[in-house]
Enquirer: 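This is the structure I have questions about; it appears just below.
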Amino acid sequence: MTILSEIFEHNRTFIERKEYEAFRTDQFPNKKLVVLTCMDTRLVELLPRAMGFRNGDVKLVKNAGAIVSHPFGSVMRSILLAIYMLHAEEVVVVGHTGCGMMGLSCDRVLDKARERGVSEDVMSTLRHSGIDLKKWFTGFETVEDGVRESVGVIRNHPLLPREVPVHGMLMDSESGGLKLIVEGYGKGR
Ligand SMILES: [Zn+2]
């Protein structure tokens, strides 16, 4: 059975049993919060449970490492839309222990790409087009650094309202325990 047929089989039962009724809500976050976190598999259910979030509570933005790579990329756009259009009032960045972006080296990623058939020509064309693959594929030294960096990019964004608090936390990927890294109250520009 492929993953697709598995999903569709489950989906039929889910609909038949009206299991969706327990998840009914709207697009506005009840807790008025937007959360940026990592795509790590360990956090899929652990993070919402450990932070007390249910369906409808928060806007959840995820990527590899909870990194804001570019101030005018899709992550920052999602955060700004959550604030301006969807009534979010605070932002929290949640990094986690054992994150794969910690110490990630660009060379290792590009070696894998070469092994999978991406040619040296393609790499060189990208480099010459001004795409900084090294920066793009490089993670952070420590997860705390990564969280502080993301909080900084969001906090200093010219389109972020001054009064919006931007917090940073570190989650233990085993226990779900949280450590506060940046408390954003009263730190508006
Ligand atoms: Zn991670």
Side-chain angles (χ1 to χ4, degrees), residues 3 6-7 23 29 31-83 86 88 90-116 118 123 126 131-157 160 164-184 187:
I3 185 68
E6 198 181 299
I7 289 169
F23 299 97
K31 292 187 190 280
K32 300 193 183 301
L33 189 64
V34 49
V35 177
L36 169 62
T37 188
C38 182
M39 66 180 189
D40 197 286
T41 48
R42 290 167 288 189
L43 305 186
V44 172
E45 278 194 84
L46 180 69
L47 181 136
R49 294 287 182 96
M51 295 183 79
F53 301 152
R54 304 200 58 206
N55 211 39
D57 277 349
V58 299
K59 288 298 186 192
L60 191 54
V61 183
K62 288 189 161 198
N63 68 15
I67 294 173
V68 189
S69 297
H70 195 286
F72 290 92
S74 59
V75 170
M76 199 59 225
R77 179 178 57 208
S78 304
I79 292 170
L80 291 170
L81 288 176
I83 289 165
L86 299 159
E90 299 190 30
V91 183
V92 57
V93 177
V94 185
H96 67 105
T97 57
C99 185
M101 288 303 277
M102 188 167 48
L104 180 78
S105 109
C106 172
D107 292 341
R108 262 176 41 223
V109 181
L110 295 186
D111 282 348
K112 297 264 184 202
R114 281 186 197 96
E115 281 169 30
R116 301 286 291 268
V118 178
M123 309 253 185
L126 290 174
I131 293 168
D132 189 350
L133 289 177
K134 190 145 193 102
K135 186 165 174 243
W136 200 49
F137 274 132
T138 297
F140 30 71
E141 290 223 344
T142 71
V143 181
E144 284 91 338
D145 288 346
V147 169
R148 279 197 196 89
E149 175 77 24
S150 289
V151 167
V153 175
I154 300 166
R155 176 63 274 157
N156 295 316
H157 199 280
L160 191 88
V164 170
V166 185
H167 315 288
M169 296 178 190
L170 177 68
M171 176 166 282
D172 184 305
S173 301
E174 284 286 315
S175 70
L178 283 172
K179 187 175 132 191
L180 188 64
I181 298 187
V182 181
E183 203 232 71
K187 289 200 180 142

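Side chains included, hydrogens not; waters and symmetry mates left out as well; all remaining heavy atoms used. All ligand and atom numbering here is 1-based and tracks the order in the structure.
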Enquirer: Please table the atom pairs, donor to acceptor, closer than 3.5 Å between any side-chain atom in residues 62-69 and protein atoms at least two apart or in another chain.
Expert:
residue, atom, partner, partner atom, Å
Asn63, OD1, Ala66, N, 3.0
Asn63, OD1, Ile67, N, 3.1
Asn63, ND2, Ile67, O, 2.8

Enquirer: Would you say CD of Glu149 has more than 12 non-hydrogen atoms from neighbouring residues, nucleotides or ligands within 6.0 angstrom?
Expert: no

Enquirer: Counting only heavy atoms from other residues, nucleotides and ligands, does the tally under 6.0 Å from CZ of Arg114 exceed 12?
Expert: yes

Enquirer: In plain terms, say whether Asp111 and Arg108 are close enough for a salt bridge, that is, a side-chain N and a carboxylate O under 4.0 Å apart.
Expert: no

Enquirer: When you look at CD of Glu183, are more than 12 heavy atoms from neighbouring residues, nucleotides or ligands closer to it than 6.0 Å?
Expert: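 Enclosed: over 12 neighbouring heavy atoms sit under 6.0 Å from CD of Glu183.
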
Enquirer: So how many protein N, O or S atoms does the Zn ion (ligand 1) have within less than 2.8 Å?
Expert: 3

Enquirer: For the pair Arg42 (side chain) and Gly98 (backbone), establish whether a donor and an acceptor sit closer than 3.5 Å, ignoring hydrogens and angles.
Expert: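 Checked: pair present.
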
